[in-house]
Amino acid sequence: MVVACLALAVSLSGAAYAVSTALPRNSVGPTQLKANAVNSSKVKNRSLRAVDFATGQIPTGPQGPAGAAGPQGPPGTSGLQQIASTGPSNSTGPKSFQVDCPSGKRAVGGGGTLLGATTNTFLSTSRPSDAGTGWIAAGRESSAGNAGSWAVQAWVVCATVVP
């Protein structure tokens with residue numbers, strides 16, 4: 001009887017050892033675990049990371065002291081204004097028209113359009129002036145010509161820009 005019990009114990013311990021080493025690493029996952037099978041006592045302290053928790057599960061600590069103020073940033077633009085004006089309306093082309101910013105301001109944007117009888121006409125130029133203080137718009141007639149009166153309108157967006 002002693003020999004039989006001893007043989008049983010040896011055979012069972014060998015099977016248990018074989019099962020413990022036969023499972024490949026990471027082979028047990030959520031589908032194999034029963035509900036509440038893993039609890040706090042079975043998780044090694046400080047082994048989990050913040051990504052292992054759902055949003056809001058980890059309490060936030062107190063806010064730290066405010067940092068030092070950074071350096072002053074560069075000054076921005078101010079005094080933004082848009083100015084529009086229209087050149088003479090007649091049947092003569094090509095036409096160019098420039099709108100300038102008030103003294104001390106620079107062009108930060110602009111555009112142009114054609115007004116009146118615009119058949120066979122097109123806007124050929126829309127750009128800042130060479131000095132950067134105005135906007136130039138120009139229009140032309142196509143080779144078919146236009147007997148109607150048309151005009152170029154230009155507008156400029158001006159601002160005080162501190163270098």
Side-chain angles (χ1 to χ4, degrees), residues 23-40 42-163:
L23 286 176
R25 187 168 177 80
N26 297 323
S27 65
V28 177
T31 56
Q32 290 81 21
L33 294 175
K34 293 182 181 178
N36 301 316
V38 179
N39 55 39
S40 180
K42 295 179 182 174
V43 176
K44 183 178 176 183
N45 287 341
R46 291 175 284 289
S47 66
L48 298 176
R49 296 173 286 160
V51 297
D52 297 321
F53 296 91
T55 303
Q57 276 190 315
I58 301 175
T60 57
Q63 184 170 344
Q72 175 69 36
T77 60
S78 63
L80 200 65
Q81 73 182 102
Q82 179 177 316
I83 302 168
S85 189
T86 305
S89 179
N90 54 43
S91 60
T92 306
K95 295 182 171 106
S96 181
F97 194 71
Q98 180 171 332
V99 180
D100 290 313
C101 293
S103 180
K105 292 193 174 187
R106 299 198 48 86
V108 294
T113 191
L114 302 179
L115 302 174
T118 58
T119 303
N120 298 326
T121 60
F122 60 94
L123 189 67
S124 60
T125 302
S126 178
R127 67 173 181 85
S129 65
D130 291 339
T133 56
W135 202 266
I136 300 169
R140 295 185 163 279
E141 294 180 8
S142 68
S143 59
N146 180 356
S149 292
W150 57 280
V152 175
Q153 182 183 52
W155 66 91
V156 63
V157 179
C158 306
T160 302
V161 180
V162 180

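The figures that follow rest on heavy atoms only: side chains count, while hydrogens, waters and symmetry mates do not. Each residue takes its place number in the sequence, starting with 1.
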Check your understanding: Under the side-chain contact (heavy atoms from CB on, under 4.5 Å) criterion, do W155 and T113 qualify, and how do the steps go?
Key -> CA-CA 9 Å; W155 66 91; T113 191; 4.1 Å; yes
Review point. Do V162 and P74 come close enough that some side-chain heavy atom pair is under 4.5 Å?
Key: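 No. Closest side-chain heavy atoms not under 4.5 Å.
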Review point. Under 4.5 Å between any side-chain heavy atoms of S96 and I136, yes or no?
Key: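 Contact flag for S96/I136 side chains = yes.
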Check your understanding: Can you check side-chain contact (heavy atoms from CB on, under 4.5 Å) on S126 and W135, steps first, answer last?
Key -> CA-CA 7 Å; S126 178; W135 202 266; 3.0 Å; yes
Going from [atom1] on [X] to [atom2] on [Y], what distance comes out if it is rounded to the nearest 0.5 angstrom?
X	Y	atom1	atom2	result
T77	R106	OG1	CZ	13.0 Å
S85	F97	OG	CZ	3.5 Å
T160	Q81	OG1	CD	8.0 Å
D100	C158	CG	SG	8.5 Å
Q82	C101	CD	SG	11.0 Å
L115	S149	CG	OG	12.0 Å

Review point. Listed by chain and number, what are the salt bridge (charged side-chain N to carboxylate O under 4.0 Å, His left out) partners of D130, not counting sequence neighbours?
Key: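 D130: salt bridge (charged side-chain N to carboxylate O under 4.0 Å, His left out) contacts with R127.
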Exercise for review: Evaluate side-chain contact (heavy atoms from CB on, under 4.5 Å) for V156 paired with V108, printing each intermediate quantity in order.
Suggested key: CA-CA 8 Å; V156 63; V108 294; over 6 Å; no
Treating [X] as the side-chain partner and [Y] as the backbone partner, does any N or O pair qualify as donor plus acceptor under 3.5 Å?
X	Y	answer
K105	T133	no
N146	A117	yes
T86	Q153	no

Please give me the minimum heavy-atom distance between [X] and [Y], naming the atom from each residue.
X	Y	value
G112	A137	CA-CB, 3.8 Å
A50	I58	CA-CD1, 3.8 Å
A151	K95	CA-CD, 4.3 Å
V152	G139	CG2-N, 3.7 Å

Review point. Are W150 and S89 close enough that a side-chain donor and a side-chain acceptor fall under 3.5 Å?
Key: no
Study note, to complete from the structure: side chain to side chain contact (heavy atoms under 4.5 Å, CB included) filter on S47, not counting sequence neighbours, yields V43, K44
Check your understanding: Step by step, would you call T121 with E141 a side-chain contact (heavy atoms from CB on, under 4.5 Å)?
Key -> CA-CA 4 Å; T121 60; E141 294 180 8; 4.0 Å; yes
